[in-house]
Amino acid sequence: MKRAIFALAAGCVAVPALGQSFNIDFNRTSGNGAGAPSASFGGAAGQAGTWNNITSASPLTAALVGLNGAATGVTLTRENAGAFLSRTGGGGSADYAKLIDDIIFISPGDPDTTLTITFNGLANGTYAVFSYGLDVQSPSAQSVIGVTGSTSDNPQLVGDGAPPASQFQFLHTHGLHIVDVAGGTITMTVHADPFVGNGVISGIQLKQLGSGERLRFYVNDNASGDFSGSSWANAMANPQDALTAATDIGGGDVEVWVANGFYRPTTGTNRSETFNIPTGLKMFGGFDGTEASRDERAPGATLTYLNGGIGASTDVDNSYTVVTMQSPNSQNELDGFYIVNGHNNDDGKGGGLKIIDGGGAVPNIRWCNFSHNTASIEGGAVYCQNTQPNLISCLFFENECNNGEGGALVHSGTGLMDVWNCRFLGNSSIGYGGAAAFPFSDARLVNCTFSGNSGNGGGGAVASYGSGSTVTYVNCTVANNYGGADTFNAQGCGGLLVRSSGVANVRNCIVWDNYDNHAGTDAEEENVDSQSGTLSVNYSTIETWSSGGTGNNATNPLFVNALGADGVAGNFDDNVRIAGNSPMIDSANNSNLPGDIVDIDQDGNFAESCPLDMDRNARRQDVTTAADTGSGSAPMVDRGAFEVVTITLGDMNCDGEVNNFDIDPFVMALTSPSAYNAAYPDCNILNGDVNGDGVLNNFDIDTFVGCITTGGCL
């Protein structure tokens, strides 16, 4: 299912509201621009259909036809102000010229400097109003265009420089307002102002939005169309263009789809430039530029980079913060991006992403990869203050805090941060928390893995501290992290550190082979530590654990290959899944699993118990050859981030054979994992991981073809 710009969001098919969406051209009957555009011309709204032809001879109150050319009962009333003029110099296609090159013109010297246009008879609902206000003969002038009651900054100045021929640019060729209609009427004004120029209106597109529908802007750095953002073919070239428009018209009404490519916050060298996400906006990456549905994208394999590398080859002149969410709300989503190369030595907080002042808001950050970001004080990749975001299925790789805490992540202040199914590899800090730090704040970490992180101040994986701080770890795997000596207490802790009146709850976890230099040697094992904090552990496996809590042990978890083929922790080959003979199988406590409050499987059910593990396999699976040593009824949950599953490589429909009947389910699993899990609930999606790298993605395709050819996978 494919979608076009301003199509229905999330799960709906875009159907034009033919009776309540309109194209209007204010038209000369002769001269340049004469004649209305053709019905195939979509304008900046990407809205093909009949164009109402309004001329100086038309009644001041004119009946409008819809996009299909049929009468609607809706009328347009214009004041008897302004002159219909023909302009030259706009160039471009014939349809573009017909829209842009003839205008109603109002001079600041006219007796009436404002033209009022009213739509009557509209159905109640939300409308997007595109208003064309460029005078191609005086492109530096700006028309003042307003829509009463819009969510936009009202009015807007349209003009101030002509775009290349046949291109649409927000606030150059057109303004865009969002307005909620309750009484059937939209009123807009076009004003001439001596300080900014003449008032110009050449056309209007009115688009009715369905319930819950958002305007959609498309972005593709390979775009070559009209740059309106109205479709993949006419995509904007940079997310900044879409974010500028969204900020002005109200981010809560907009979503942005971004195709694979490298996008920087600026084409210059101003390090303060950032991708500033307006309140309420949803932005999605991981597209190849052909999709109509988000389910069709592959964000892990189709790489969409938001890249702070704006300067020379060194990092020190990179963007301070690549992406910023200032005052987000719970509608905000950032999904499917690689966020890289931020270097915040300005305020020193958050090189990749900064989320601040959201109050009780719960924005979602999903399927994002934060790599090679640096901050000097807090949160090398992500810094969050006084907001409670969900970080879901994200990767943090080789981020650094070079003079403070939280190599990858810091959450500070009020609100509970949820971190689910996230992987932390090779991050480092000079202070507390090689991967993450939670100072005076609350967090819940579920199904997360930590490998090869280093916190020189203590807490090689995670450090939490301070009165009122409660951090809960559920089914996490923490292995081969390093914590240096704590400056204040001469203690380090390579794994999970809680101190200074903080509280840490460890449930169903594996914490193994973490070390520090507490005794002056880097061989000291210290996996969890409480320094004047409160540590509560149950149904967890912790190396060197002696006693205390319920259901705990220090039994070797038998990882598949914790250091990977290269023997070095913190790389992508680290495999901390448990082996098929691991004593961790069916040994944890079912009641420790939280409800699916982040909707990890995106099925809309927030009340179910956590349904998936780190690999997105069923979180509770019964292994008949293993004794049930945990708590609860079968199937019992395993300890750590991964469940042991039975894998039959290539058998995607689980019929016991590898053949052509597995092709369609393989494609489904690759493009829409949630649909595959629903269609084949008794199968393991990792049956498709035929190259054995631990994840199903496009790199498995060639090997899978070989499996089909030979009737099986080795």
Side-chain angles (χ1 to χ4, degrees), residues 300 364-370 389-397 408-409 411 416-425 435-436 438 443-451 453 461-462 471-479 481 495-496 504-512 537-541 557 559-560 562 574-578 582 584-603 605-606 608-621 630 632 635-645 673-674 677 684-686 689 694-696:
N364 284 325
I365 316 300
R366 191 185 298 265
W367 295 115
C368 287
N369 179 322
F370 298 90
N390 297 326
L391 299 181
I392 307 163
S393 300
C394 294
L395 170 68
F396 296 85
F397 178 64
L409 169 66
H411 177 234
L416 170 69
M417 170 180 277
D418 268 287
V419 185
W420 288 51
N421 286 45
C422 291
R423 191 178 184 191
F424 295 83
L425 292 173
F438 300 101
R444 174 170 40 213
L445 296 92
V446 182
N447 295 342
C448 293
T449 62
F450 299 83
S451 179
N453 303 285
V462 184
V471 176
T472 299
Y473 307 87
V474 183
N475 281 99
C476 292
T477 299
V478 184
N481 301 281
L496 306 178
N505 302 309
V506 182
R507 308 285 186 259
N508 296 359
C509 293
I510 303 172
V511 190
W512 198 263
V537 181
N538 71 52
Y539 284 92
S540 294
T541 293
F559 294 128
V560 171
D574 298 356
N575 190 342
V576 291
R577 296 171 181 84
I578 53 178
S582 169
M584 305 296 100
I585 298 171
D586 296 345
S587 69
N589 188 340
N590 293 346
S591 66
N592 285 334
L593 292 175
D596 188 16
I597 56 176
V598 302
D599 194 19
I600 191 68
D601 54 357
Q602 295 185 273
D603 65 353
N605 184 359
F606 294 85
E608 63 184 333
S609 177
C610 173
L612 301 178
D613 74 348
M614 181 71 173
D615 276 335
R616 301 187 68 80
N617 295 312
R619 182 66 267 193
R620 294 168 58 190
Q621 300 190 43
M636 288 183 184
V637 63
D638 296 348
R639 299 187 188 206
F642 302 94
E643 289 281 317
V644 164
V645 295
S674 59
N677 288 330
N684 180 3
I685 198 168
L686 283 186
D689 177 29
V695 63
L696 172 62

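A parallel orientation is assigned to the rings of F450 and F424, their planes being inclined by less than 30° (bins at 30° and 60°).
Put simply, the side chain of D603 gets close to the backbone of N605: a donor and an acceptor are under 3.5 Å apart. Without hydrogens or angle criteria, N508 side chain to R639 main chain gives no donor-acceptor distance under 3.5 Å. Side-chain atoms of T449 do not come within 3.5 Å of backbone N or O of T477 as any donor-acceptor pair. A donor-acceptor contact shorter than 3.5 Å is absent between the side chain of N364 and the backbone of I392. For R507 (side chain) and S591 (main-chain N/O), no donor-acceptor pair under 3.5 Å exists by modelled atom type. Judged by distance alone, with hydrogens and angles left aside, the side-chain atoms of N475 form a donor-acceptor pair with the main-chain N or O of G640 at under 3.5 Å.
Look at R620 and E643 and you find no salt bridge, because none of the NZ, NE, NH1 or NH2 atoms lies under 4.0 Å from a carboxylate O.
Put simply, the side chain of N575 does not reach to within 4.5 Å of the side chain of F642, judged on heavy atoms. Between F370 and I365, some side-chain heavy-atom pair lies under the 4.5 Å cut-off. Counting heavy atoms from C-beta outward, I578 and I585 have side chains that approach closer than 4.5 Å. Between V478 and Y473 there is no side-chain heavy-atom pair separated by less than 4.5 Å. Between V419 and F396, the closest side-chain pair of non-hydrogen atoms is not below 4.5 Å. In this structure, the side chains of V576 and W512 stay at 4.5 Å or more apart for every pair of heavy atoms. With a 4.5 Å cut-off on side-chain heavy atoms, V637 and N592 do not count as touching. Looking at heavy atoms from C-beta onward, M636 lies out of side-chain contact with S587 at the 4.5 angstrom threshold.
Taking each heavy atom of R423 and D574 in turn, the nearest pair found is NH2-O, 3.3 Å.
Distance check, rounded to the nearest 0.5 Å: CZ of R616 to CG of L696 gives 12.0 Å.
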